[in-house]
Amino acid sequence: MTRLRDHVPTRPTWRCTACGIAWPCSPAKLRLLGQYRHDRAALTGYLVTLQAEASEHLAGLDDGPPPGDLTDRFVAWARPPG
């Protein structure tokens, strides 16, 4: 039986272990939205914490993303609409 891989980040590259794209990937976002569906503020706090960790890891890379890109990548998508 094959176990599906979780869409979680690898550190220090912050790429998805399952699909290899920049984390959080779409499946990870859907899972997080489901887990935190009743507490969007807690999700945002969690993502801000991960963004800070990723910023430290990615700052040392020559081709690391600018900090503004990390905000879009980690936090902006989780804000409630409206």
Side-chain angles (χ1 to χ4, degrees):
M1 180 164 136
T2 303
R3 182 171 179 255
L4 294 176
R5 295 182 70 185
D6 291 331
H7 290 266
V8 295
T10 58
R11 289 167 173 88
T13 63
W14 290 87
R15 299 193 83 53
C16 177
T17 58
C19 60
I21 65 171
W23 192 91
C25 59
S26 292
K29 290 175 182 178
L30 289 173
R31 181 181 52 81
L32 288 165
L33 285 171
Q35 288 176 328
Y36 288 89
R37 68 183 162 275
H38 298 297
D39 194 351
R40 192 65 69 97
L43 172 60
T44 302
Y46 176 64
L47 292 171
V48 166
T49 300
L50 292 178
Q51 177 189 348
E53 184 182 346
S55 181
E56 289 178 20
H57 288 158
L58 297 172
L61 301 177
D62 291 336
D63 60 346
D69 289 354
L70 289 180
T71 299
D72 289 342
R73 177 174 158 184
F74 279 84
V75 182
W77 64 268
R79 292 186 181 128

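Note that this is a predicted model, so its numbers are computed, not measured.
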* Kindly give the heavy-atom pair with the smallest separation between Gly20 and Arg15, and that separation in Å. => O-NE, 3.2 Å
* Structure fact -> Taken in chain and number order and not counting sequence neighbours, the residues that satisfy side chain to side chain contact (heavy atoms under 4.5 Å, CB included) with Ala52 are none
* **Linked, directly or transitively: Trp77 and Tyr36 (ILVMFWY side chains, under 4.5 Å)** => yes
* Shortest non-hydrogen contact between Ala18 and Asp6, atoms and distance -> CB-O, 3.6 Å
* Closest heavy-atom contact between Trp14 and Pro9? -> CE3-CB, 3.6 Å
* In Å and rounded to the nearest 0.5 Å, what is the CD to CG distance from Gln51 to Asp72? -> 9.0 Å
* Asked: Between Leu58 and Pro12, which heavy-atom pair has the shortest distance, and what is it?
  -> CD2-O, 3.5 Å
* Asked: Does the side chain of Asp39 reach to within under 4.5 Å of the side chain of Tyr46, using non-hydrogen atoms?
  -> no
* To do: With sequence neighbours left out, write down each residue that passes salt bridge (charged side-chain N to carboxylate O under 4.0 Å, His left out) with Arg11, or none if nothing qualifies.
  => Glu53
* Distance from Asp69 atom CG to Ser55 atom OG, nearest 0.5 Å? -> 11.5 Å
* Asked: With side chains defined as the heavy atoms from C-beta onward, is the minimum distance between Leu50 and Trp23 less than 4.5 Å?
  -> yes
* To do: Would you check if Arg79 and Leu47 make a side-chain contact, meaning some heavy-atom pair closer than 4.5 Å?
  => no
* **Close side-chain approach of Arg40 to Leu33, heavy-atom, < 4.5 Å** => yes
* **Heavy-atom pair of closest approach, residues Lys29 and Pro24** => CE-O, 3.2 Å
* Asked: Roughly how far, to the nearest 0.5 Å, is CZ of Arg31 from OG of Ser26?
  -> 13.0 Å
